[in-house]
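Accompanying notes for the structure given below.
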Amino acid sequence: MKTTQFHLQTRKETPADAEIISHQLMIRTGMISRLGSGLYNWTPLGLKVLRKIEKIVREEMDKAGCLEMIMPTIQPAGLWQETARWDKYGDLLLKIKDRAGRDFCFGPTHEEVITDFARKEIKSYKQLPITFYQIQTKFRDEIRPRFGVMRAREFLMKDAYSFHLNIDCLKDTYAKMHQAYCNIFERIGLTFRPVEADSGEIGGTGSHEFHVLADSGEDAIAYSTESDYAANIEKCEVLAPTKSRPEPQQELKIIDTPNKKSIQEVADFLAISPKKIIKTLLVAGVDAPVALVLRGDHELNEIKAANLAEVASPFTLLEDEEIKQVAQCDAGSIGVKDLNCHIIVDRAVAIMSDFVTGANEDDKHLSGVNWQRDTSFNQVEDLRNAKVGDPSPDGKGTIKIARGIEVGHIFQLGDVYAQSMNAVVLNEQGKSQAMTMGCYSIGVTRVVAAAIEQNHDEKGIIWPQQIAPFTVVILPMNMKKSERVKQAVNDLYNQLKNLGVEVLLDDRKIRPGVMFADAELLGIPHQITIGDRSLDDGEVEYKSRKDMQSIRVKQDEIVDHLQSLLA
RNA sequence: CGGGAUGUAGCGCAGCCUGGUAGCGCACCACAAUGGGGUUGUGGGGGUCGGAAGUUCGAAUCUUCUCAUCCCGACCA
């Protein structure tokens, strides 16, 4: 490809609203252009990268025995009403009407459609197991689209769905998909980690997220210093402390804490550590409000809380008025003593003694409080987020925390969808049985952004070779005047093209500085500079984008040199 | 959903307070010089100021409404 025949529109300036580096670089290189909030054009340049990722994904899916198909982006409401997700999915679901006033949605995912397809097509256990996939546009009406294509509303996703007679068969396919995902991200050239995840609303028995590690990641991942253990912080279990509860030393006292509401304010006021204070959160319960109790320096994990049988889902904190009814005080002074509701304490709280808690009276706290002697709780649970230094749940090493960008997610769905949509097959006994399902997604457009987050420097993108829009760029110095340069450049360009190398020739009539800057911004892995200076010695210059080291190579050896690098 | 802000040329911005029918940089076009790290000069094209209504002789500028976009927050206990 010659630059003058391509659409190359780079920019020096970044739009003011591009916050993260991948978004900035995608705009500056001209890979994407914004059409509206969370909506992007993929330009010819950007599409090249997208297609390469798609190709790798497709090849690995096919290799794992999955069958590609395409489902509509627009889906009838009826299917979503069958699974009750028409209402449950919430505002993320973009609902539309056709001319006759019939309800549809723009698909944010395709469980309903594929399950409908399967119940029509699959009648016998002999057809199982089977896995279908598609690479399709999705739409999710995000509350707050941001970070360019990282959290866009319309995006490209690979979604696969597997069907089985039983859970063992599902686990088998699940393991294969897990492996296929590792293959995909390795081939793309990313540093990633599969982590245990909460299976959330979708339910089911097992789930892993695939995260590309990058500081700008929106998710926190807890991993062990000693083993392969890794989990989304939402899911990472915090083990019960091994220490037992110390004996009470202090007297129970009521103390004035005027206007001290937060843990930090109370700790500062009393000159004690937040670790000696407990915080009591009142949340909506299934029947009546429930109190969740944490150590002052710990963070509540809402996912863990919402998963408890006693706690209402979705997780909601009580409003100020409701708090008044339960605790007779403002939020800042809630305490566990004489609190008239079901009390669930975190594992760390259960072994505390001589602690400080709110007095259920404004501007007052209690100190020297002890379990058993002064008050009691109903239940002990793991309620908090893991933090650095906690023991790893698998017993090996301690927890560290990294940031990750979720680019893939695999679930063992079980038979929830098949049950609600009556997707059944006849088993070997001739009996009707709901199919067991798995689902497996990859955010293809997000992978592009994640790859940039992980591979860039101050000059621009540094593409992993497998997904680079071009693999080689030729930069002619003064080609318009020097016949010799022109000749050498065209010779090399044609040779590489004939060998099937994706080569970009910058034939614009521009200053060398602009060429270098653009080549580096675009992140093309291999750069060849051809000018009179090196041709005098029968040589051209080779530079790798990654390490920016420039070397001279004999003119007649450069093709071999490149081929060995591209192999 | 709550709070804050912004909409003026493709992009980044000034002008608005103190009304008099738009300006800068980048990008774009032409010519010339330059020709190994975003070069320089000259000359151009392009916007009616998010939209609507109002005040006024006159509105980018003042008022009201509206739309759009962006940021922050949604554990305070």
Side-chain angles (χ1 to χ4, degrees), chain A residues 8-19 23-24 27-28 30 33-39 90-91 143-148 257 259-267 274 277-283 289 291-306 314-320 322-324 326-327 329-336 339 356-363 365 383-385 459-460 475-482 485 506 508-521 527 529-536 540-541 543 548 550:
Chain A
L8 193 63
Q9 233 8 297
T10 58
R11 288 160 208 277
K12 285 185 203 171
E13 281 171 306
T14 312
D17 57 6
E19 286 188 283
H23 187 192
Q24 293 170 0
I27 297 286
R28 286 192 52 208
S33 81
R34 203 181 77 103
L35 180 64
S37 178
L39 303 171
D91 293 332
I143 302 174
R144 207 180 136 196
R146 59 184 138 174
F147 304 147
T257 49
N259 264 321
K260 306 301 173 198
K261 293 185 187 298
S262 71
I263 290 290
Q264 197 56 51
E265 284 168 1
V266 173
I277 307 176
I278 62 172
K279 55 181 167 189
T280 311
L281 288 78
L282 294 176
V283 304
L292 302 177
V293 186
L294 292 158
R295 208 168 78 184
D297 60 323
H298 288 158
E299 280 182 355
L300 174 68
N301 181 315
E302 286 190 19
I303 306 281
K304 290 177 183 176
F315 178 89
T316 30
L317 289 164
L318 294 196
E319 299 292 332
D320 289 347
E322 300 169 295
I323 290 174
K324 270 229 155 59
V326 178
C329 66
D330 286 333
S333 298
I334 309 171
V336 287
L339 184 63
V356 171
T357 178
N360 295 324
E361 186 182 341
D362 284 345
D363 298 329
H365 278 73
L383 290 179
R384 71 174 173 96
N385 280 333
K459 290 178 186 298
L475 306 180
M477 295 295 110
N478 199 19
M479 181 167 69
K480 302 293 171 192
K481 290 242 173 101
S482 169
V485 170
D506 198 341
R508 292 175 295 178
K509 192 188 170 194
I510 49 171
R511 307 271 307 185
V514 182
M515 266 184 205
F516 287 122
D518 271 352
E520 282 148 13
L521 177 64
Q527 233 182 70
T529 307
I530 300 181
D532 283 316
R533 202 189 273 176
S534 60
L535 286 181
D536 284 341
V540 298
E541 292 154 66
K543 186 157 75 178
M548 296 293 277
S550 185

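Throughout, a chain's letter reflects where its sequence line sits, starting with A, and its residues are numbered from 1. Keep in mind that this is a model prediction, so the values were computed, not measured.
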Rounded off to whole Å, could you give me the [atom1]-to-[atom2] distance for the [X] and [N] pair?
X	N	atom1	atom2	value
A:L383	B:C75	CG	P	16 Å
A:F147	B:U69	CZ	C1'	16 Å
A:E299	B:A74	CD	P	11 Å
A:L35	B:C70	CG	P	12 Å

(request) May I ask you to say what A:I263 touches in the nucleic acid, namely base, sugar-phosphate or nothing, with a heavy-atom cut-off under 4.0 Å? (result)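 Sugar-phosphate, backbone atoms only, no base.
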(message) If you only use heavy atoms from C-beta on, which nucleotide in B:C26, B:C75, B:A77 is closest to the side chain of A:E13?
(response)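 Closest nucleotide to the A:E13 side chain: B:C26.
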(request) Check whether any side-chain N or O of A:S37 sits under 4.0 Å from OP1 or OP2 of B:C70, and answer yes or no. (result)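 Yes, within the criterion.
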(request) Any chance you could list the contact pattern along nucleotides 34-44 of chain B? Use B for base contacts, S for sugar-phosphate-only contacts and - for none, protein heavy atoms under 4.0 Å, 5' to 3'. (result) BBBBBB-----
Watson-Crick or G-U counterpart of [N], or none if no pair lies under 3.5 Å:
N	answer
B:U42	B:A30
B:A68	B:U6
B:C49	none
B:C62	B:G54

(message) Would the base of B:G10 count as contacting A:Q9 through its side chain, where contact means a donor and an acceptor less than 3.5 Å apart?
(response)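 No, the side chain and the base share no sub-3.5 Å donor-acceptor pair.
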(request) Test salt bridge (Lys or Arg N to Asp or Glu O under 4.0 Å) on A:D518 and A:R508 and set out the steps. (result) CA-CA 12 Å; A:D518 271 352; A:R508 292 175 295 178; 2.9 Å; yes
